[in-house]
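Atoms within a ligand are numbered from 1 in the order they appear, just like the ligands themselves.
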Amino acid sequence: MQQKKKTLGEFIIENQSEFKFSSGELSKLINAIRLAAKVVNHEVNKAGLIDILGAAGDTNIQGENQQKLDVLANERFIQTLKNREIVCGIASEEEDDFIAINSLDNQHQNKYVVLIDPLDGSSNIDVNVSVGTIFSIYRRVTPIGSPVTLEDFLQPGINQVAAGYIVYGTSTMLVYTTGHGVNGFTLNPAIGTFYLSNPDMQFPESGNIYSVNEGNYIHFPQGVKDYIKYCQMEEGDRPYTSRYIGSLVSDFHRNMIKGGIYMYPKSSVNSEGKLRLLYECNPMAFLAEQANGKASDGFGRIMEIQPTELHQRVPFFCGSRLMVEKAEEFMAAGQ
Ligand SMILES: O=P(O)(O)OC[C@H]1O[C@](O)(COP(=O)(O)O)[C@@H](O)[C@@H]1O
Ligand SMILES: [Mg+2]
Ligand SMILES: [Mg+2]
């Protein structure tokens, strides 16, 4: 049965023709991400057996204690991409600044930059709850042949050429889009091959799951408080069910399959929310929109925000279209 399913490698080649004047560079890049995903998956799976649990002892530019697995996943993805000389720059949650890839012999000839959240859901690493990796790919805006600059990274989400995530859960899946729908691939760990298990993934237009850290409730804007109350009221198809894993990738993945909304609003303690625009919100927004879902900062489209900083945060509302629109209504009313 599985053999009939297309492998990720086959899918990448078959879909290369979707890109006009394709040089195969994007295919090579997605292949490199596939490889790094398998390497990190292998490490994640044996987390309890080798010394990669717990804090690494440093803090990243977000002021967060880096977990050993944050650092390891960061190194694996960066090394895999560097070794293949297919990107001209990388930005990561775990790196203060972007990394310019200037290998001498190719004279800055590569046209893509990659932004990654190497390990998403870090608070869940030590407790064996599913975590993930998030990636976002842009074509550079500075001329090929010149060194990459910050400008190449500070692009609005609408410019993404590809985005995706890997979820290291009960099974390991790689889910991505190149602007032609969203497809999910499940890893067969026995042979190390990703198979197309979830073609053309779609958010149900609405659902009955809401995902938010209600521990922050008293700090939320009135609009969010009112929307949460709306979700909990006995009326129509409500109350909804509250599900919050604390890993954006896993909460998003579940809501895409079952229908639901994920929220990380701003609050009186996090003035811009917690999630990072460039390597968390934009890639998930691209996937959501490609799967008929919606992604907003509570008032407008995430992918139209013009970034100003590499690690900037934005409020995030993402999921089934009708649920995000309802949340936006409450945000507008709560102003
Ligand atoms: O513990 P909180 O404040 O609810 O935050 C959980 C959120 O923070 C994150 O862990 C942030 O991502 P990182 O783990 O990559 O820093 C999201 O995955 C998750 O949804
Ligand atoms: Mg994250
Ligand atoms: Mg992270």
**Q** Side chain or backbone of Arg276 under 4.0 Å from ligand 1, or both, or neither, by non-hydrogen atoms?
**A**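 It is the side chain that gets close, since no backbone atom is under 4.0 Å.
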**Q** Closest non-hydrogen protein atom to atom 19 (C) of ligand 1, residue and atom name please, with distance?
**A**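 Residue, atom and distance for the closest contact: Gly246 O, 3.3 Å.
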**Q** Just which atoms of ligand 1 are under 4.0 Å from any heavy atom in Asn213?
**A**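 Near Asn213, the atoms of ligand 1 are 2 (P), 3 (O), 4 (O).
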**Q** Taking all heavy atoms of Gly192 and all of Lys38, pick out the closest pair and write down the distance.
**A**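 So the two residues come closest at O-NZ, 2.6 Å.
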**Q** For the residue pair Lys229 and Tyr210, would you count it as a cation-pi contact if the rule is NZ or CZ under 6.0 angstrom from the ring centre and within 45 degrees of the ring axis?
**A**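 Checked: cation-pi criterion not met.
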**Q** Tell me, please, if Gly121 has any N/O/S atom, main chain or side chain, under 2.8 Å from the Mg ion (ligand 3)?
**A**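 Checking the Mg ion (ligand 3) against Gly121, no N, O or S atom falls under 2.8 Å.
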**Q** At a 4.0 Å threshold, what atoms of ligand 1 neighbour a non-hydrogen atom of Asp117?
**A**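 Per the distance check, 15 (O).
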**Q** For Arg301, is the CZ atom crowded, meaning more than 12 foreign heavy atoms sit under 6.0 Å from it?
**A**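 Counting neighbours around CZ of Arg301, more than 12 heavy atoms of other residues, nucleotides or ligands fall under 6.0 Å, so yes.
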**Q** Under a 4.0 Å threshold between the charged nitrogen and the carboxylate oxygen, would Arg321 count as salt-bridged to Glu205?
**A**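 Counted as a salt bridge, because a side-chain N and a carboxylate O are separated by less than 4.0 Å.
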**Q** Look at the rings of Tyr227 and Tyr230 and say which category their plane angle falls in: under 30° parallel, 30 to 60° tilted, over 60° perpendicular.
**A**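 Tyr227 vs Tyr230 ring planes: parallel.
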**Q** For the Mg ion (ligand 2), decide whether Glu93 has an N, O or S atom at a distance under 2.8 Å.
**A**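 For Glu93, the answer is no, given that no N, O or S atom comes within less than 2.8 Å of the Mg ion (ligand 2).
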**Q** Take every heavy atom of Val249, measure it against each atom of ligand 1, and state whether any distance is under 4.0 Å.
**A**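 Val249 does not count as a contact of ligand 1 under the 4.0 Å cut-off.
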**Q** Check whether more than 12 heavy atoms from other residues, nucleotides or ligands sit under 6.0 Å from atom CG of Asn159, and answer yes or no.
**A**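 Counting other residues, nucleotides and ligands, CG of Asn159 exceeds 12 neighbours.
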**Q** Work out whether the distance between some heavy atom of Ser123 and some atom of ligand 1 is less than 4.0 Å.
**A**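 Per 4.0 Å heavy-atom rule, Ser123 does not contact ligand 1.
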**Q** Considering just N/O/S atoms, say which atom of Glu280 is closest to the Mg ion (ligand 2).
**A**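 Nearest N/O/S atom of Glu280: OE2.
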**Q** Short N/O distance, under 3.5 Å, between Tyr244 and ligand 1?
**A**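 Yes, there is a polar N/O contact under 3.5 Å.
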**Q** Counting only heavy atoms not in His219 (residues, nucleotides, ligands), do more than 12 fall under 6.0 Å from its NE2?
**A**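 More than 12 heavy atoms, drawn from other residues, nucleotides or ligands, come within 6.0 Å of this atom.
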**Q** Any idea which atoms of ligand 1 are less than 4.0 Å away from a heavy-atom of Leu248?
**A**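 Those qualifying, in numeric order: 17 (C), 18 (O), 19 (C), 20 (O).
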**Q** Counting only heavy atoms closer than 4.0 Å, does ligand 1 sit against the backbone of Ser122, its side chain, both, or neither?
**A**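 Both parts.
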**Q** Check Asn216 against ligand 1 and report side chain, backbone, both or neither, counting heavy atoms closer than 4.0 Å.
**A**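 Looking at Asn216 and ligand 1, no heavy atom falls under 4.0 Å.
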**Q** Any chance you could lay out the ring pair (Phe, Tyr, Trp, His ring centres under 6.0 Å) test for Phe98 and Phe153, step after step, and finish with the verdict?
**A** CA-CA 8 Å; Phe98 67 86; Phe153 296 90; 5.0 Å; yes
**Q** Which of the N/O/S atoms in Asp120 sits closest to the Mg ion (ligand 2)?
**A**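 Output for this pair reads OD1.
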**Q** Of all N, O or S atoms in Asp117, which has the smallest distance to the Mg ion (ligand 3)?
**A**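 Within Asp117, restricted to N, O or S, the Mg ion (ligand 3) is closest to atom OD1.
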**Q** So which heavy atom in the protein is nearest atom 20 (O) of ligand 1, and how far is it from that ligand atom?
**A**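 Heavy-atom neighbour on the protein nearest atom 20 (O) of ligand 1: Tyr262 OH, 2.8 Å.
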**Q** Can you tell me if Asn60 uses its side chain to pair, donor with acceptor, with the backbone of Gly63 under 3.5 Å?
**A**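 Yes.
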**Q** Between Glu25 and Lys28, does any NZ, NE, NH1 or NH2 come within less than 4.0 Å of an OD or OE carboxylate oxygen?
**A**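 No salt bridge links Lys28 with Glu25.
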**Q** Students should be able to answer this: which protein heavy-atom is nearest to atom 3 (O) of ligand 1, and at what distance?
**A**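 Residue, atom and distance for the closest contact: Tyr264 OH, 2.6 Å.
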**Q** Can you list the atoms of ligand 1 that are under 4.0 Å from a heavy atom of Ser247?
**A**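 What qualifies from ligand 1 is 18 (O), 20 (O).
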**Q** Counting only heavy atoms not in Lys258, do more than 12 fall under 6.0 Å of its NZ?
**A**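 No, not enclosed.
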**Q** Measure the distance from atom 8 (O) of ligand 1 to every protein heavy atom, then report the residue, atom name and distance (to 0.1 Å) of the closest one.
**A**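 Residue, atom and distance for the closest contact: Lys274 NZ, 3.0 Å.
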**Q** Given Leu310 and Arg276, is the side chain to side chain contact (heavy atoms under 4.5 Å, CB included) satisfied, shown in steps?
**A** CA-CA 9 Å; Leu310 212 48; Arg276 283 53 59 122; over 6 Å; no
**Q** Provide the number and element of each atom of ligand 1 under 4.0 Å from a heavy atom of Glu280.
**A**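 Ligand 1 atoms under the 4.0 Å threshold to Glu280: 11 (C), 12 (O), 13 (P), 15 (O).
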